[in-house]
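First the structure, in the form of structure tokens, and then the observations on it.
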Amino acid sequence: MTKNLVIVESPAKAKTIEKFLGKDYTVRSSFGHIRDLDKGDNAIDIKNGFKPNYVVSPDKTKVVAELKKLAKESETVWLASDEDREGEAISWHLFEVLGLKEDKTKRIVFHEITKPAIENAIKNPRKIDKALVDAQQARRILDRLVGFELSPILWKKVKPSLSAGRVQSVAVRLIVEREREVNNFNSQSDFRIFAEFTKEGQSKVIKAELPQRFQTEKEALDFLNLALDSQFGVKNIEVKPAQRKAAAPFTTSTLQQEASRKLGYPVAKTMLLAQKLYEAGHITYMRTDSVNLSETAIRGAAAEIIRAYGKEYSFPRNYTTKSSSAQEAHEAIRPTYFENHSAGSDAQEMKLYELIWKRSIASQMAHAELERTIVDIEVSKAGRTLKAEGEIIKFDGFLKVYLESSDDDEDEENAGILPPLSVGEKLNLVHMISEQKFSRPAPRYTEASLVKKLEELGIGRPSTYAPTISTIQKRGYVLKDNREGTTRSFQTATLKGGKITVKTATEKTGVEKSKLFPTDIGTLVTDFLSEHFHQIMDYGFTAAVEKEFDEIAQGMIGWNKMIEGFYKPFHKDVDNTLATAERVSGEREIGRDPETGKLVIGRIGRYGPLVQIGDSEDEDKKFASLRSGQTIETITLEQALELFKLPRFIGEYKGEKVTAAIGRFGPYIKFGSIFASIPKDRDVFEVNLEEAIVLIEAKIKAEQEKLIKSFSEDKDLEILKGRWGPYIAYKKNNFKIPKDTDAAKLTFAQVMELIEKQGGIKDKKSKSDSGEPKAKAKAKAKAKAKAKTKK
DNA sequence: CAGTGAGCGAGCTTCCGCTTGACTT
């Protein structure tokens, strides 16, 4: 029998709070939302004011049953879910589902998990804010309406199983548009002048640069020629104090960005590691949009900074959140105990913890005091001055522990220390270089920079950034990929020892690592949705509906009124699109085949993007799949024709033809019935007979080693080595072997037992026979369940 | 359109936000 039941969202939080509250309080967790809209078509009664039909989520029935029981036994139930829209809704659903009584229920909130905060919350209970709950219902219903009306359009007009939604479709659009920007970018070049000097009698190099840029190589060379006859001297020295300030402590989004830049973690990995640190009690909650720190945290950080670095390094303060969409239900992400400089159960967790610790500590440390020196160096004959910059750190402050990285720090070379100089002083030129520099397009998104952009647009929440990124990749809209880049030449000239040498040098351009690229399907779907659902695809759509949700939360409008206002025109577009829009395949005319004069087109087929010679009427049209990295939008006629050169005849081996081609699993060599994959570093168009024979022989050998064991009891039974380890093959059926068993030692009886356990063999040919295939049985069960709910 | 082991054809797919598990089917 408990007096008080407190319900929070997270079990780790429950554990901590229980300690603060003592024995009169039982603290349990709801594990997030306990109810959601029903799965099928009867989730929302559109004709009846969009009345939602909520059901307890299947994985929550146990939690709900337990909470119900505890609630019944308790004198007071304290609903302590987060203080934001979703949290308020969780409390309301709990109230409804648990059948709570108003006079025995109290709603409390706290933004930080500290004893005073919890005690204060208990002293100040309130009622459930129904207007805020309604705002959440509107959000939920709008997302369902958008997602479940748009996706089926894609199934009909593009391809089955695709999806669309308020968040994901805009995320894909960002990537598609960035890709087009990059591909259409017209790179311009100009010429920059760099120089290095020394002070008389010293070896320390002073680096300088001409602030102006030259448009042509001739202007740059003219400048070098003038410099050739020039004297160099210090014309002016400017010394300015400067400051650098620490960045705010981490939110989910900034944590993901920094972990990506500094540690190279994908966002999902960062969240997984953070979750573990949180569950172990090392850090505060990792899904937050707030930069706020509790009083306790600020005091704790200050104490640790003073202890470890000294009083002058401490600068306690709080930060304010810039993002307007922030709901600030939690603290910033920080260590629970600042005195622990290290925590975590493996190297990756420890690195992430260290990053969080440093960032949080730095946020409470003093500004760095710098002295920036700018020296103008006169080039006597040219009438222009070069600039040399130096920076001295007078007081390192927070830089002692942490410096935030930026996405493009290529140009960002730290200014060094300059030797003492005086105006009028002569300098010796070591060398002067003119270099052609090319402008660059906006960079393609990484997972983390996409999260940053989404947050700026107010799209998505801390709990959904990582899942959204994985969804758009799973749907095949977006691909995380690398590009090798191409070599390009640039002009450079060096003035050294009274001589000018002109040279053409080369550099790599377009190298990409772990960047997000749109696939053909991603591009196609984005164009389709943009054409027919301009409003949903607008980058400001979420911000606009958020404004209306806020009005609902303030009681200014009813939620069903808002939804109705949105749904009427939206649904009209849906009907209209279903009725009138053509099925799309992303077809693009690439050119004409010079041999036959037939049309060459690119489009998306059943198995993905392909090029085709001859239109759909053509009897002898030919097909070829695109290779990875190629897209319908960018493939050239030359590249397309190249694809038709496959399969390519390489030569003969043992009297049989050897050919090379590209299949569903990549490039391969074919020899009789043998297929051997061509390794990544070899080109399918270049591989020669000698190399092919090596691959063929290796494959034959692998085939021979494939058989691990056969059985005299039954010739059809074999244990084979497959792609995923040993498996049992029996009469065209395959069966798994448990991980920890030695496949070679299995006896006939053991193998038969394994087969029996996995449902025995099924006749492949005849249709209705012993035992239905698994998938089918499942589908049937589902259909039955559906029929039931409809009644 | 086409290749490795399964599947081979009827009925399914899908949204966004909260939160963690997991009976091995």
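To find a chain, count down the sequence lines: A is the first, B the second, and so on, and within it residues start at 1.
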Q) Where along residues 81-89 of chain A does a heavy atom come under 4.0 Å from DNA chain B, residue by residue in number order? A) A/D82, A/E86
**Q.** Of residues 142-155 of chain A, the positions that come close to DNA chain B - non-hydrogen atoms, cut-off under 4.0 Å
**A.** A/D143, A/R144, A/G147, A/F148, A/S151, A/P152, A/W155
Does [X] have any salt bridge (charged side-chain N to carboxylate O under 4.0 Å, His left out) partners at least two apart in sequence or in another chain, and if so, which?
{"X": "A/D59", "result": "none"}
{"X": "A/K474", "result": "none"}
{"X": "A/E455", "result": "none"}

Q. Excluding sequence neighbours, so at least two apart, what forms ring pair (Phe, Tyr, Trp, His ring centres under 6.0 Å) with A/Y567?
A. A/F50, A/H571
Q. How would you list, by chain and number, every residue that makes a ring pair (Phe, Tyr, Trp, His ring centres under 6.0 Å) with A/H111, sequence neighbours excluded?
A. none
Q. Could A/K645 and A/E642 be called an ion pair, given the rule that one side-chain N must be under 4.0 Å from one carboxylate O?
A. yes
**Q.** Strand DNA chain B in bracket notation, Watson-Crick/G-U under 3.5 Å with | for pairs to another chain
**A.** .........................
Please classify the nucleic acid contact of [X] as base, sugar-phosphate, or nothing, using heavy-atom distances under 4.0 Å.
{"X": "A/A624", "result": "nothing"}
{"X": "A/Q168", "result": "sugar-phosphate"}
{"X": "A/P467", "result": "nothing"}
{"X": "A/G460", "result": "sugar-phosphate"}
{"X": "A/K699", "result": "base"}
{"X": "A/Y285", "result": "sugar-phosphate"}
{"X": "A/G32", "result": "base"}
{"X": "A/R35", "result": "nothing"}

Q: Please state the C1' separation for the pair B/dC8 and B/dA2 - nearest whole angstrom.
A: 15 Å
Q.
Rounding to an integer number of angstrom, what distance separates B/dC1 and B/dG9 when you compare their P atoms?
A. 15 Å
For [X], check side-chain hydrogen bond (donor to acceptor under 3.5 Å, both in side chains) against everything at least two apart and list the hits.
{"X": "A/D573", "result": "none"}
{"X": "A/K598", "result": "A/D618"}
{"X": "A/E546", "result": "A/R85"}

Q: Using heavy atoms to find the nearest nucleotide of DNA chain B for A/R140 and A/M286 separately, return the residue whose nucleotide is more 5′.
A: A/R140
Q) Taking for each residue the nucleotide of DNA chain B bearing the nearest heavy atom, is the 5' side occupied by A/T471 or by A/P11? A) A/T471
Q.
Please tell me whether A/T542 and A/R166 have a donor and an acceptor in their side chains that are separated by less than 3.5 angstrom.
A. yes
Q. Counting only distance, no hydrogens or angles, is the base of B/dC18 paired donor-acceptor with the side chain of A/S463 under 3.5 Å?
A. no
(Q) Any N or O donor-acceptor pair under 3.5 Å from the base of B/dT13 to the side chain of A/S161? (A) yes
Q. Mind checking what makes side-chain contact (heavy atoms from CB on, under 4.5 Å) contact with A/S10, not counting sequence neighbours?
A. A/A12, A/K13, A/Y278
Q. Per the side chain to side chain donor-acceptor pair (under 3.5 Å) rule, which among A/R140, A/E86, A/K60, A/H93 passes with A/H33?
A. A/E86
